[in-house]
Amino acid sequence: MSPRKSLSAATAAAQNASARSAALNRRQFLRRAAIAGGAFTVPLIVPGRVLGLNGAVPPSEKIVMGGIGIGNRGSDDLRWMLPEPDVIFVADCDPQRSRREAVKRIVDAKYGNTDFKLYSDTREFLATRPDIDAVLSTTGDRLHALMATWAMRAGKDVYSEKPSAMTIAEGQMVVETARRYGRVYQTGTQRLSEANFVFAIELAKSGRLGKVHTAYAHIAPWDAAAMRHDWLAGQPELPKSECDWDQWLGPCPWRPYNAEYCRGGWRGFYDFHTSCIGEWGAHTFAQAQAGLDLLDTSPVAYEYVDNPTGDGMVTHFASGVKMILSRGDKYWHGSCGMRFDGPEGWVSVADGYSRPEVSNPRLLDDFNKIVGDYMARTQRPMSHVRNFFDCIKSRRLTVAHPVVMHRTMSTVHAANICMWLKRDLKYDPVKEEFVNDAEANRLRSRAMRAPYMF
Amino acid sequence: MKTNFALLLALALNAVVLAQNPTPLVTKTPDQLIAVLKSDAGLKEKSDACRELAVVGGKDAVPVLAGLLADEKLSHMARYALETIPDPSVDAALRDALGKLKGRPLVGVIGSIGVRRNAQALDLLVAKLSDDDADVAQAAARTLGRIGTPEAADALMNAAANSDAGNLLAFCEGLGRCVDALAAAGKTDQALTICDHYDDSQLPQQVRVAALRGAILLRGKDGLPLLKESLENPEYVLFAAAIRTSQEMPGADVTKLLADELAALDADHQIVLLSTLSQRADASSLPAIFTKAKNGDKPVRLAAIRALPAFNSPDSVPVLVALMHDPDRDLARAAQESLASLACPEADSAVVKLLGSADTQEQLTGVELVSRRRMTACVPDLLKAAGDADDQVRPAALKTVGELASPDDLPAVLILVQTGKTDEDRDAAAQAASALCAKTDQPTRCVPKIAGLLPSAQPAAKQSLLNILGTIGGPEALTAIRAAVSDDNPQVRATAIRLLGSWKTADAAPALLDLAQNAKDPADKLVSLQSYLQLASDTEIAADQRLAMCRQAAGLVQRVEEKKLLLSVLGGIASPDSLAMITPHLTDAETKDEAAAAVVSVAGKLLKNGADAQTAGKLVEPLQQAGQAAANPDLAKQAQTLLDQAQAKAGAK
């Protein structure tokens with residue numbers, strides 16, 4: 001007998017008449033559910049363990065993966081994941097036929113068979129594949145949070161590419177859903193699992209630079225903070241089997257089909273993209289906030305800069321520490337750079353470095369020790385996807401778990417809103433609202449298009 | 001993973017397009033926007049107006065927006081504006097629309113009511129829970145969850161009984177939201193009732209996971225029995241859910257419960273438990289973890305060993321030291337890795353003990369750990385180990401000296417350079433000494449100290465000292481090395497000549513040239529010439545200087561091997577003058593291929609660098625000759641391609 005049937009006296013007394021009548025109804029409900037059929041019916045009787053594990057994978061077993069919206073970037077993630085010995089990909093879902101078939105070619109070639117299944121409808125995919133434990137979601141920005149939420153509600157763990165939320169409200173929903181269903185979630189900020197970046201972060205946290213007062217975070221050198229609101233010229237929609245335009249748009253406002261969007265030309269549009277700030281800020285704000293040990297909050301003030309990109313924007317955390325957005329290579333040479341400044345030194349790193357740059361070469365003497373200690377202490381490997389798979393099995397939080405994603409993307413969104421409104425903003429990270437700025441607060445969410453809603 | 005280049009390029013190209021039309025967030029006043037909506041403007045204009053009203057719209061905009069809710073094409077954008085307008089008339093408008101709409105517009109309105117948490121819509125929403133349109137019923141369930149009042153929760157619970165099976169997850173989501181809202185409002189009992197209600201093996205696992213989580217957490221301390229039972233549940237999914245939930249529960253009693261479970265469960269469960277205990281890092285669980293580390297299945301033992309660094313406990317030290325002797329190499333290695341990461345003095349002491357061990361393997365492990373842990377206080381021990389009897393220990397210790405010692409330790413290391421028993425010892429000592437010199441602000445200040453040892457050093461040690469000077473560089477080091485080319489010992493001379501050939505600047509060139517011309521030993525002459533040419537190939541040296549060196553060398557070159565070396569160097573110098581030195585070799589059967597390759601190399605560089613017509617004209621004849629001389633068809637083809645370019649460029653004059 002479950003202890004929940006022998007609750008403490010106080011709790012048992014609290015079970016009111018309403019609940020008792022509902023309990024009877026529940027049986028009826030479940031019985032009907034058991035005999036219901038159809039593509040969208042959730043299989044209720046068969047435990048997940050029989051068909052697959054559906055999100056609960058013991059250490060000795062394989063993780064069954066599915067894909068959602070795997071395109072160019074997603075294929076990189078897929079190729080990164082496929083060699084993992086305890087992972088098997090079984091299906092992909094994409095509203096674009098050419099993309100899903102390209103994924104099938106990759107996976108079939110890897111496994112030497114044609115077992116890989118394809119889906120075009122996400123809701124059908126999630127509802128009919130309880131054997132899938134986790135999904136790799138690499139849609140465009142516009143769908144990341146919704147796909148993650150839907151997948152977690154379906155019992156899947158989720159690796160989501162970045163930027164993983166279009167608004168502050170979307171991030172909140174990802175956090176809430178992951179927590180409610182006990183799901184493992186990783187946002188694709190892979191530099192949090194790369195030795196050079198981990199070294200810089202751990203060095204900043206160690207006090208060896210003194211008390212770090214400023215972090216610098218790279219924003220993308222293309223696009224602007226200001227966004228496009230125009231529509232590309234309409235073209236005849238393709239058959240749904242080729243490209244389901246309604247699904248492609250998802251929760252975003254409707255606009256006429258144009259093939260350019262589907263080829264990656266969605267970047268720069270307000271409805272689809274998080275600007276040059278989100279493009280790399282999704283990575284670098286997480287990196288910077290990690291080094292500042294402020295991954296559970298967001299800056300409290302954002303200083304507007306009168307330029308098109310947000311370059312040089314100073315953001316302030318409640319502790320007085322600053323994070324400055326930087327577009328060029330003033331502080332590093334390479335992509336997704338970051339830098340930490342303290343009274344006793346600095347460290348800087350970007351992609352392509354053999355080792356981070358430091359104010360004193362002696363700081364690098366402890367490189368192996370710092371990275372090695374971090375890995376041993378946290379049990380996090382220097383592989384972002386491996387960390388995800390390990391956590392699927394251990395059920396521990398990933399290095400880029402939902403709160404990390406949400407708080408650092410909140411920083412992205414607040415910086416964007418600051419640029420769009422062209423004024424300084426103050427933000428309360430506890431209430432998650434802007435202070436005395438109704439317009440800014442109205443930009444924390446966007447109404448979602450039915451039925452692509454939370 | 002690095003962003004791939006193709007993607008970056010595509011994005012960069014996109015940027016050219018995308019940068020064209022960014023527009024401000026708001027372009028019109030609220031009145032103007034309302035006027036657009038009332039006009040016969042097109043879909044785009046009206047959509048834009050709605051989007052801007054979402055930021056600046058007020059009560060005045062509500063009626064016209066509400067009027068669009070039934071418009072299939074504009075319903076979403078009307079909600080887009082309405083959702084954020086902070087006026088209660090919006091809620092009334094949305095409620096009013098509930099009774100008039102169907103399909104997607106209705107689903108959308110229900111969602112917007114949820115976003116605004118309008119509890120006044122409760123009865124209307126309850127009615128929608130049994131709607132024939134599954135999307136409508138599901139949206140209503142989720143929205144009632146967002147409202148999250150006790151009444152909403154009751155309504156959802158009761159309506160679930162009469163709902164279609166396909167709506168189950170939406171109802172459960174709604175109830176999950178209610179649980180959160182009720183708990184936040186202090187209505188724990190009702191929240192618990194919902195969670196316990198969904199304790200049913202026939203439900204989808206994620207629903208059971210959510211319900212179990214709530215049932216445990218909401219009970220606080222009283223949830224521990226349920227946590228324990230769930231950890232022991234034969235269904236893995238509930239075990240996994242319990243583990244995940246336990247990670248949200250602080251407290252020693254939770255740790256004790258988890259640790260106690262270690263004894264009863266199978267290997268997979270134990271591994272997951274150990275990882276969770278590691279995350280908690282509560283020292284009270286260490287004895288249980290030690291037990292698992294010492295005995296049992298190998299995967300569990302590995303998990304236990306790897307769990308220990310997070311505790312950073314001195315109590316782990318003896319356990320790990322003992323495990324480092326385990327006959328299973330994986331276990332021993334894991335123990336060593338874990339010990340390496342413990343930041344406590346007891347771990348340091350254990351490592352020092354290993355370093356002083358009579359057992360070679362222990363000593364080597366000690367050296368490795370000293371390095372990994374960056375134990376600078378162990379430098380004296382390492383220096384002592386550098387004099388050890390074992391051939392493996394000495395160089396390993398010296399390598400670590402180079403990593404950890406300070407420049408103050410240089411004299412001691414230089415003694416080891418002089419007294420090293422084997423070449424490997426001396427090389428290791430020399431590398432350590434070089435590393436220590438590099439740690440100083442001005443490494444060249446170390447030169448007198450090292451050079452001063454040369455006269456009394458044995459030949460083997462002398463070579464090592466010279467190698468140190470070679471890594472330091474500078475005029476004083478060059479002088480010392482230059483002097484060593486007159487050493488009596490041929491190996492010392494060879495070392496000195498080699499070092500001159502790999503010198504970082506052209507300063508070594510005169511000495512090498514002199515040796516190539518005047519050395520008594522023909523072997524020294526030859527090596528000097530080769531080293532001279534090697535120096536001339538250094539692209540860090542100015543091209544004209546390298547060309548001058550080649551001219552000097554050309555007079556000394558006799559053997560085919562050196563001719564080929566000279567041609568190789570000339571091929572790297574992008575100058576018509578180098579071509580002039582190369583072309584005579586095109587007619588020599590033994591060097592024509594190398595000469596042709598050199599011509600192609602020089603011509604290619606000059607053309608790529610934007611050679612003018614006059615320079616291009618100077619390339620024509622050498623390239624014609626190279627094309628004819630080259631035995632390799634690919635080379636001949638390259639020569640012809642470059643010839644065409646050169647002729648075209650020369651003709652353009």
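Naming: A, B, ... by sequence-line order, numbering from 1 per chain.
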[X] vs [Y] side-chain heavy atoms within contact, under 4.5 Å:
X: Arg180(A); Y: Arg177(B); value: yes
X: Met453(A); Y: Thr143(B); value: no
X: Tyr80(B); Y: Arg446(A); value: yes
X: Glu439(A); Y: Val56(B); value: yes
X: Ser275(B); Y: Gln379(A); value: yes
X: Lys439(B); Y: Arg362(A); value: yes
X: Val272(B); Y: Lys393(A); value: no
X: Ser47(B); Y: Trp231(A); value: yes

Under a 4.5 Å cutoff for heavy-atom pairs, which residue among [options] has the most contacts with chain A?
options: Pro24(B), Ala54(B), Ser112(B); answer: Ala54(B)
options: Glu403(B), Glu83(B), Arg213(B), Arg146(B); answer: Arg213(B)
options: Arg51(B), Arg142(B), Glu248(B); answer: Arg51(B)

Would one find more than 12 heavy atoms of other residues, nucleotides or ligands at under 6.0 Å from atom [atom1] of [X]?
X: Lys73(B); atom1: NZ; result: no
X: Arg179(A); atom1: CZ; result: no
X: Lys187(B); atom1: NZ; result: no

Looking only at side chains, do Gln205(B) and Tyr181(A) share a donor and an acceptor under 3.5 Å apart? no

Examine whether an atom of [X] lies under 4.5 Å from a heavy atom of chain B, and if so say whether it belongs to the side chain, the backbone or both; otherwise answer neither.
X: Cys391(A); result: neither
X: Met448(A); result: backbone
X: Val184(A); result: both
X: Tyr374(A); result: neither
X: Leu397(A); result: both
X: Met419(A); result: neither

Atom [atom1] in [X], atom [atom2] in [Y]: separation rounded to 0.5 Å?
X: His229(A); Y: Leu25(B); atom1: NE2; atom2: CG; result: 5.5 Å
X: Gln247(B); Y: Ser394(A); atom1: CD; atom2: OG; result: 6.5 Å
X: Leu43(B); Y: Trp254(A); atom1: CG; atom2: CH2; result: 6.0 Å
X: Gln279(B); Y: Thr378(A); atom1: CD; atom2: OG1; result: 10.5 Å
X: Met77(B); Y: Arg449(A); atom1: CE; atom2: CZ; result: 11.0 Å

Go through the steps for Leu443(A) and Val55(B) under the test side chain to side chain contact (heavy atoms under 4.5 Å, CB included), then give the verdict. CA-CA 7 Å; Leu443(A) 289 164; Val55(B) 184; 3.7 Å; yes

Between [X] and [Y], is there a donor-acceptor pair closer than 3.5 Å when you use the side chain of the first and the backbone of the second?
X: Asp268(B); Y: Ser60(A); result: yes
X: Arg442(A); Y: Gly57(B); result: yes
X: Glu173(B); Y: Arg153(A); result: no
X: Arg395(A); Y: Ala241(B); result: no
X: His76(B); Y: Ala447(A); result: yes
X: Arg377(A); Y: Leu342(B); result: no

Between Arg255(A), Met375(A), Met173(A), which residue shows the highest count of heavy-atom pairs closer than 4.5 Å to chain B? Met173(A)

What option among Met227(A), His384(A), Arg444(A), Glu176(A) has the most heavy-atom pairs under 4.5 Å with chain B? Met227(A)

What part of [X] gets within 4.5 angstrom of chain A, counting heavy atoms only: side chain, backbone, both, or neither?
X: Asp180(B); answer: side chain
X: Ile85(B); answer: both
X: Ala307(B); answer: both

Grab the two heavy atoms, one from Ser341(B) and one from Gly372(A), that are nearest each other, plus how far apart they are. OG-O, 3.9 Å

Please name the pair of heavy atoms, one in Val107(B) and one in Ala450(A), separated by the smallest distance, quoted to 0.1 Å. CG1-CB, 3.8 Å

Ion pair [X]/[Y], N-O distance below 4.0 Å:
X: Asp135(B); Y: Arg123(A); result: yes
X: Arg374(B); Y: Asp373(A); result: no
X: Asp246(A); Y: Arg104(B); result: yes

